S.K.: 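Below you'll find the structure I mean.
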Amino acid sequence: MNDEDMTNRPDAPDPSDGGRALLQPWRRIAQHLCPLIGESGFCALFGRAVHVIGPEHAWLAPQQTCRAPEQLFTSLEERMALVDAQRAAAANEALLRTFTHLLATLIGERLTQRLLASATDAADPAPGQQKNAEEQK
């Protein structure tokens, strides 16, 4: 998978919007992954990604163990608010890239691509997809 897929998309969050915007991809990824690997599995994978990028972004290290993704996102947003927007965006990009790489190592490149594509597509359904989803209700 191309490391830039999640961060260089035209609809990627604008770092000037603050930590909340940077967390949008994470929330979508968690929504798609948690049913498959569980909340603790998601938190463990995220924690490993934070550990891997730790030397360059030590300020990201959590103060407590994550039990649920929403707890993790709240803590991450708080930590991102403490640094400037460019630094937060760079750390978020490194975290997404590392998380994606770790996930691909565990479940394979192809499945990772499909899961992340479905997570990003769910955020911006095409007009036809949105219409079909409404018709199926």
Side-chain angles (χ1 to χ4, degrees):
M1 166 165 258
N2 184 343
D3 289 340
E4 299 176 359
D5 286 350
M6 290 295 293
T7 55
N8 289 336
R9 292 173 44 112
D11 59 339
D14 180 356
S16 65
D17 290 344
R20 185 170 295 262
L22 291 174
L23 295 179
Q24 289 173 350
W26 288 112
R27 286 191 165 91
R28 291 191 301 260
I29 292 168
Q31 184 178 19
H32 281 77
L33 279 182
C34 285
L36 302 172
I37 64 173
E39 289 185 347
S40 60
F42 180 87
C43 288
L45 191 58
F46 186 91
R48 179 67 184 145
V50 169
H51 177 77
V52 169
I53 68 165
E56 294 85 28
H57 307 283
W59 57 271
L60 273 178
Q63 302 302 318
Q64 59 187 16
T65 305
C66 164
R67 297 271 186 250
E70 206 48 52
Q71 172 192 7
L72 182 148
F73 300 144
T74 299
S75 175
L76 182 60
E77 186 176 0
E78 289 169 357
R79 285 177 277 146
M80 285 186 170
L82 298 175
V83 297
D84 65 81
Q86 280 188 314
R87 192 170 174 197
N92 190 57
E93 183 177 333
L95 194 55
L96 277 167
R97 186 174 44 250
T98 303
F99 183 92
T100 301
H101 175 75
L102 292 171
L103 184 62
T105 301
L106 291 172
I107 66 172
E109 182 105 13
R110 196 169 214 166
L111 184 54
T112 298
Q113 287 177 343
R114 287 177 51 196
L115 284 169
L116 295 180
S118 68
T120 56
D121 290 345
D124 300 311
Q129 289 176 333
Q130 188 173 6
K131 182 180 176 187
N132 288 342
E134 291 172 3
E135 288 174 356
Q136 291 177 4
K137 286 183 181 178

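The structure displayed is predicted, hence computed values, not measured ones. Only this structure's heavy atoms are used, side chains among them; waters, hydrogens and symmetry mates stay out.
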S.K.: Tell me the closest heavy-atom pair linking His57 and Ala94, and the distance in Å.
M.R.: NE2-CB, 4.0 Å
S.K.: State, to 0.1 Å, how close Cys43 and Ala68 come at their nearest heavy-atom pair, and which atoms those are.
M.R.: SG-C, 3.6 Å
S.K.: Could you work out, with side-chain hydrogen bond (donor to acceptor under 3.5 Å, both in side chains) as the rule, every residue matching Glu78, not counting sequence neighbours?
M.R.: none
S.K.: Do Val52 and Leu116 belong together in a cluster built from hydrophobic side chains that touch within less than 4.5 Å?
M.R.: no
S.K.: Indicate yes or no: at least one non-hydrogen side-chain atom of Ile107 is less than 4.5 angstrom from one of Leu115.
M.R.: yes
S.K.: If you take all heavy atoms of Ala88 and Trp59, which pair is closest and at what distance?
M.R.: CA-CH2, 4.1 Å
S.K.: Give a yes or no answer on whether the side chain of Thr98 reaches the backbone of Leu95 with a donor-acceptor pair at less than 3.5 Å.
M.R.: no
S.K.: Does Ile29 reach the side chain of Leu103, with side-chain heavy atoms less than 4.5 Å apart?
M.R.: no
S.K.: Please round to the nearest 0.5 Å and tell me the distance separating atom CG of Leu76 and atom CZ of Phe73.
M.R.: 8.0 Å
S.K.: Enter the distance from Arg28:CZ to Leu23:CG here, rounded to the nearest 0.5 Å.
M.R.: 11.0 Å
S.K.: Are any non-hydrogen side-chain atoms of Arg97 and Glu93 less than 4.5 angstrom apart?
M.R.: yes
S.K.: Roughly how far apart are Leu106 CG and Thr112 OG1, rounded to 0.5 Å?
M.R.: 8.0 Å
S.K.: Can you give me the closest heavy-atom contact between Trp26 and Asn92, atom names plus distance?
M.R.: NE1-OD1, 2.7 Å
S.K.: Do Met80 and Arg87 have side chains that get closer than 4.5 Å, going by heavy atoms?
M.R.: no
S.K.: Report the relative orientation of the aromatic rings in Phe46 and Phe99; use parallel for angles under 30°, tilted for 30 to 60°, perpendicular for over 60°.
M.R.: tilted
S.K.: Apply side-chain hydrogen bond (donor to acceptor under 3.5 Å, both in side chains) to Arg48 and list each qualifying residue two or more places apart in sequence or on a separate chain.
M.R.: none
S.K.: Considering residues at least two apart in sequence or located in another chain, which fulfil the side-chain hydrogen bond (donor to acceptor under 3.5 Å, both in side chains) criterion with Ser75?
M.R.: Arg79
S.K.: How many angstroms lie between CG in Leu72 and CZ in Arg27, if you round to the nearest 0.5 Å?
M.R.: 10.0 Å
